[in-house]
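Following: one structure in structure tokens, then a few remarks.
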Amino acid sequence: MADRRPNIILFMCDQLRFDALGCYGNNQIHTPHIDSLALNGSTFDNHFVQNPVCSPSRCTVLTGRYPKNHGTRDNGIPLRDSEITLAETLRDNGYRTAAIGKMHITTQFVPKEDEQEDWPEDNYGFDIIHTTCDCKTGEYLDWLKAASPEDYEEVKMQGERKAKEDRASAADKDTGGPPQVYPSGINPSYHQSHWIADRMIDLIEESGPDQPFFAYCSFVDPHHPFDPPKPYGDMYDPDALEVPVRMEGELLDKPPHFRKALTARGFSNEKYDYRKLTDHQWGQIKAAYYGMITLIDDNIGRILDALRENGLEKDTLILFTNDHGELLGDHGLLFKGPFHYDCIIKAPMIIKWTGVVPQGSRYSQVTEHVDIMPTLLEYAGVRPPYGVQGCSMAPILRGDKGAGKEYAMTEFNCYDWGLSVKTLTGRNYKLTYYAGEEYGELYDRNLDPEEFKNLWDDEAYGAVKAYMMKKLMDRIIETEDPLPLRIGKY
């Protein structure tokens, strides 16, 4: 462990698949700056989120606690003021803390204009706040109105279109092309991702040697709508990209909500009949998605340049991850939800700190989003507050072969869907349990990495299923909320 306290940048991308990066084996996408973090830092190959949608996952990152315990079980549930956050803990230990970009730890969308309008008085521990959201509102839109009135009008329209499309019924959805793929005429220098990078660079340039900073730098993209500006919108040829991973009839052995989502009868906001999409249209979606990611990568490159130019590269720990993934046509589906495929719940996890974290190393140990807070606190020399449930990943990075976990647990408790779900993922098997239902899911991750064949009812895997059910029960019990703290014997 270094004897200095690092600056900390927590990069997050919304709805970014782990395998949509060059450093995770994708040879069709251009992400050189994120890849450089992996080359000069360490990469985790079995890292999993604790929830497949935005707010619960983000609140897990900020609290080190499972959704069932921090209380934000689904989008639209604000994080409780009583929860002790990573930002609050670092602020109380001398850090200057900043929230930059999309936070989504309370509610989103109109009539709110600023994301932090319904935050508690202490702003969850953040000193500096520059936020924006899916609908483009907030400080970013106010800035854009003055900086580029022409781009402001288009971005404002994009945000209003996003809100309208989310509220629309299946019959009223825009089906004039691939779902939520749109051209964009804005100047990329005025794009949300560029603005987020600008605010991060401002923080770097304002920072002095006497106080380290913690920045939660969270990009809105590549969350839909898929609308990168030129040249990013034209960067990838839809017909040259790999077609989605799917197999005829594969959803027949899945729980009913998979087939409902396929045919526009699901319970999410995104109701489209995906059976009607051609391979070319799936390619259009992927091309736009990849363009958004490369736009993010270029702006992360600008931030890395700013660190070097200000002499802070060696003094800054960088952690890069997502909140959840994206189906992107795999299994015939799009977006996210209670479909615990790896493309949704497996996350990129890259950690870089020059001279402390090994360079170019990869780790296969199972880790979770609850582990992010204790990891960053250990490197900052701060004891985690009571109630944090994750384990620091620093021992893995120090070469401890026994560190890491046997399994990761992912939750989904969404009453809109009528589902209460727990998934347990290990290196060899994945099991998903649906409360009150006879059906479930079981996959052999080695023999069937695409998760085509559900083994839940396969007698040959009966012993594996029983073992995984026991391990899931163990994990549910072991992760009961340790709060409030017991303060007396009686």
Side-chain angles (χ1 to χ4, degrees), residues 8-18 24 42-75 77 79 83-87 89 102-105 124 214 216-219 223 317-326 336 338 340-351 363 365-379 384-385 387-394 396-397 403-413 421-426 430 475-476 478-479 481:
I8 299 171
I9 300 176
L10 169 54
F11 282 125
M12 179 172 285
C13 297
D14 195 338
Q15 213 155 302
L16 171 69
R17 290 172 62 113
F18 77 94
Y24 276 90
S42 290
T43 305
F44 290 77
D45 288 324
N46 279 298
H47 186 89
F48 295 90
V49 304
Q50 271 52 82
N51 196 285
V53 297
C54 301
S55 290
S57 186
R58 292 165 177 270
C59 291
T60 285
V61 170
L62 286 175
T63 63
R65 288 158 54 76
Y66 291 90
K68 63 177 181 172
N69 295 330
H70 62 58
T72 302
R73 303 176 308 279
D74 194 7
N75 290 339
I77 303 175
L79 180 64
E83 293 292 319
I84 301 174
T85 69
L86 173 61
T89 305
K102 176 178 177 176
M103 297 296 109
H104 202 179
I105 48 181
Y124 293 115
F214 162 67
Y216 180 19
C217 182
S218 177
F219 292 93
H223 190 291
L317 185 158
I318 296 173
L319 188 150
F320 177 90
T321 191
N322 69 4
D323 56 355
H324 55 77
E326 157 68 56
K336 79 273 188 175
H340 290 179
Y341 294 113
D342 275 7
C343 60
I344 293 285
I345 68 170
K346 189 174 177 180
M349 174 53 58
I350 304 169
I351 303 176
Y363 300 93
Q365 288 96 324
V366 173
T367 53
E368 301 180 291
H369 262 20
V370 288
D371 301 331
I372 292 174
M373 180 173 177
T375 300
L376 297 180
L377 290 179
E378 178 171 344
Y379 281 123
V388 168
Q389 298 181 287
C391 303
S392 173
M393 294 179 278
I396 298 175
L397 296 169
K405 299 175 178 177
E406 189 178 8
Y407 297 99
M409 185 171 72
T410 303
E411 310 176 15
F412 186 87
N413 295 296
V421 186
K422 295 283 190 294
T423 292
L424 196 70
T425 307
K430 176 190 290 183
R475 176 58 72 87
I476 291 171
E478 291 164 357
T479 56
D481 197 346

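Any value given below was found using the heavy atoms of this structure, including those in side chains, with hydrogens, waters and symmetry copies removed.
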Q.
Can you tell whether the side chains of D323 and K102 come within less than 4.0 Å, N to carboxylate O?
A. no

Q) Looking at E83 and R65, does any basic side-chain N land under 4.0 Å from a carboxylate oxygen? A) yes

Exam field: side chain [X] to backbone [Y], donor-acceptor pair closer than 3.5 Å:
X: H47; Y: I350; value: no
X: N46; Y: Q365; value: no
X: T60; Y: V370; value: no
X: T479; Y: I476; value: yes
X: R58; Y: I105; value: no
X: H369; Y: N322; value: yes

(Q) Could you walk me through whether L10 and V61 satisfy the side-chain contact (heavy atoms from CB on, under 4.5 Å) test, starting with their C-alpha distance in whole Å, then the side-chain angles of each, then the deciding distance to 0.1 Å, before giving a yes or no? (A) CA-CA 10 Å; L10 169 54; V61 170; 3.7 Å; yes

Q | Side chain to side chain, F219 and L16, heavy atoms closer than 4.5 Å | A | no

Q: Check whether any side-chain heavy atom of F320 sits under 4.5 Å from a side-chain heavy atom of I9, and report yes or no.
A: no

Could you grab the distance from atom [atom1] of [X] to atom [atom2] of [Y], nearest 0.5 Å is fine?
X: S57; Y: Q15; atom1: OG; atom2: CD; answer: 11.5 Å
X: I351; Y: T375; atom1: CD1; atom2: OG1; answer: 5.5 Å
X: K422; Y: H340; atom1: NZ; atom2: NE2; answer: 10.0 Å
X: L319; Y: F11; atom1: CG; atom2: CZ; answer: 10.5 Å
X: I344; Y: F412; atom1: CD1; atom2: CZ; answer: 10.5 Å
X: E406; Y: R475; atom1: CD; atom2: CZ; answer: 9.0 Å

Q. Among T410, T423, D342, which residue meets the side-chain hydrogen bond (donor to acceptor under 3.5 Å, both in side chains) test with K430?
A. D342

Q) Looking at residues at least two apart in the chain, or sitting in another chain, which of them share a ring pair (Phe, Tyr, Trp, His ring centres under 6.0 Å) with Y407? A) none

**Q.** ring pair (Phe, Tyr, Trp, His ring centres under 6.0 Å) against Y124, all qualifying residues, sequence neighbours excluded
**A.** W119

Q. Given L86 and F214, is the side-chain contact (heavy atoms from CB on, under 4.5 Å) satisfied, shown in steps?
A. CA-CA 9 Å; L86 173 61; F214 162 67; 3.6 Å; yes

Indicate the atoms forming the closest heavy-atom contact of [X] with [Y], along with that distance.
X: S55; Y: N75; value: N-OD1, 2.8 Å
X: E368; Y: Q50; value: OE2-NE2, 3.2 Å
X: T72; Y: P56; value: O-CB, 3.1 Å
X: E411; Y: P52; value: O-CD, 3.3 Å
X: H104; Y: C54; value: ND1-CB, 3.4 Å
X: A347; Y: F18; value: C-CB, 3.8 Å

Q: With side-chain contact (heavy atoms from CB on, under 4.5 Å) as the test, would you mind laying out the steps for L62 and Y216 before giving the verdict?
A: CA-CA 9 Å; L62 286 175; Y216 180 19; 4.0 Å; yes

(Q) Run the side-chain contact (heavy atoms from CB on, under 4.5 Å) test on D481 and Y66 for me, step by step, so that the C-alpha distance in whole Å, both residues' side-chain angles and the decisive distance to 0.1 Å come before the verdict. (A) CA-CA 9 Å; D481 197 346; Y66 291 90; over 6 Å; no

Q.
As a test of understanding, state which of L376, T63, L377 forms a side-chain contact (heavy atoms from CB on, under 4.5 Å) with T89.
A. L377

Q) Excluding sequence neighbours, so at least two apart, what forms side-chain hydrogen bond (donor to acceptor under 3.5 Å, both in side chains) with K346? A) none

